[in-house]
Enquirer: 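The structure is given below, and queries will be raised subsequently.
Not measured: the values here are computed from a predicted model.
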Amino acid sequence: MFHTSSEEDFRRLSLEIKLLENTAQVLQSRINFVNAALADLRMARMSLEGLSKEKKGAELMVPIGGGSFIKVKLEDPNTVIAGVGAGVSVEKTLPEALNSIKTRIEELEKMNETLNQRLSQVIQRINEGRTKLQKIAEELSSK
Amino acid sequence: MSEELSRLPPQVQERLLRFQQLQQTLQSVLTQKQQLELELTEVDQALDELKNLGEDAVIYKSIGSLLVKVGKAKITEDLKERRELLNMRISVLGRQEERLRSQLKDLQEKLQKDLRPVSP
């Protein structure tokens with residue numbers, strides 16, 4: 001068997017790229033997860049902001065899924081039941097609930113930014129690696 | 001790949017297989033541990049949130065898709081119990097992880113010795 005150093009480089013680099021691609025995939029799936037959570041929270045923020053302009057007795061339509069709604073009368077416009085995780089929900093005033101949602105949105109936006117930065121770094125390294133790999137492949141085939 | 005594998009001595013093949021199986025087990029232990037750790041963070045956050053509430057706060061606990069009213073003391077106790085249970089399970093998985101890692105290391109060293117004469 002014969003192994004030149006370029007062959008060794010080729011193998012090492014291929015493995016490195018494979019690992020980087022895995023990392024990129026993990027990062028991408030985390031970004032998707034954060035984005036889904038953000039969309040959900042933004043929807044809640046929008047609903048609460050809209051609700052804060054309504055008074056007791058206002059007529060609302062509440063979605064029950066499947067594109068269907070039921071009519072309800074607003075009984076208590078200032079109380080929101082907000083989940084705090086681990087299956088526990090707490091009654092909050094509307095401004096309190098809105099504030100904690102805004103804080104969570106800010107946190108997730110920061111996380112999203114960090115993740116996106118890391119992803120683009122990884123992608124850059126993948127591309128650099130691929131260019132190198134191609135060079136080595138050309139060298140090997142010209143031998 | 002499989003053709004190359006079948007040229008190896010049976011004992012080495014067996015070791016390789018065992019190595020892969022251990023790796024899979026380690027992966028599943030790690031996934032489980034991560035999941036429990038996430039749950040633990042959530043419980044800690046909920047406990048933190050509860051701490052800041054007055055004794056008369058209105059709190060609900062979700063049972064399936066229903067929300068049922070509970071007292072602050074009761075739910076705090078429930079969550080603390082869950083935290084303890086989670087901590088225990090995480091430490092059990094941690095010990096399992098250590099054991100698997102050392103088994104994998106042993107096996108890897110053996111395999112490296114086995115495979116050395118094959119590649120120069």
Enquirer: For residues Val88(A) and Tyr60(B), determine if any side-chain heavy atom of one lies less than 4.5 Å from a side-chain heavy atom of the other.
Expert: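 Not touching, per the 4.5 Å side-chain cut-off.
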Enquirer: Is chain A contacted by the side chain of Leu79(B), its backbone, both, or neither, given a heavy-atom distance below 4.5 Å?
Expert: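 Interface part for Leu79(B): side chain.
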Enquirer: Indicate if Ile126(A) and Val26(A) have the same hydrophobic cluster label, given that clusters are the connected sets of ILVMFWY residues with side-chain heavy-atom separations under 4.5 angstrom.
Expert: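 No, separate clusters.
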Enquirer: Please classify the contact between Leu53(B) and chain A as side chain, backbone, both or neither, with a heavy-atom cut-off of under 4.5 Å.
Expert: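 Side chain of Leu53(B) only, per the 4.5 Å heavy-atom cut-off to chain A.
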Enquirer: Which bit of Ile75(B) comes within less than 4.5 Å of chain A, counting heavy atoms only: side chain, backbone, both or neither?
Expert: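 It is the side chain, since no backbone atom gets that close.
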Enquirer: Let me see the working for Glu49(B) and Lys92(A) under salt bridge (charged side-chain N to carboxylate O under 4.0 Å, His left out), right down to the final yes or no.
Expert: CA-CA 12 Å; Glu49(B) 192 94 20; Lys92(A) 290 183 178 179; 3.3 Å; yes
Enquirer: Got more than 12 heavy atoms from elsewhere within 6.0 Å of CD, Glu113(A)?
Expert: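 Count not over threshold, so no.
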Enquirer: Considering only heavy atoms from C-beta outward, does the side chain of Val58(B) approach that of Val90(A) to under 4.5 Å?
Expert: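 Counting from C-beta outward, Val58(B) and Val90(A) never come under 4.5 Å.
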Enquirer: Please tell me whether Leu94(A) and Val84(A) are part of a single hydrophobic cluster in this structure, the criterion being side-chain heavy atoms less than 4.5 Å apart.
Expert: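 Result: no, two separate clusters.
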Enquirer: So if you build clusters from Ile, Leu, Val, Met, Phe, Trp, Tyr with side-chain heavy-atom gaps below 4.5 Å, do Ile17(A) and Phe10(A) land together?
Expert: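 The answer is yes; both residues are in one hydrophobic cluster.
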Enquirer: Hey, quick one: are Leu51(A) and Ile64(A) part of the same hydrophobic cluster, counting side-chain heavy atoms closer than 4.5 Å, chains of contacts allowed?
Expert: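 Linked within one cluster.
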Enquirer: Any chain of hydrophobic side-chain contacts (each under 4.5 Å) joining Phe33(A) to Ile31(A)?
Expert: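 They do not share one cluster, since no chain of ILVMFWY contacts under 4.5 Å joins Phe33(A) to Ile31(A).
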Enquirer: Might you point out which heavy atoms bring Ala46(B) and Ala86(A) nearest each other, and give the distance in Å?
Expert: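 Where Ala46(B) meets Ala86(A) most closely, the heavy atoms are CB-CB, 4.1 Å.
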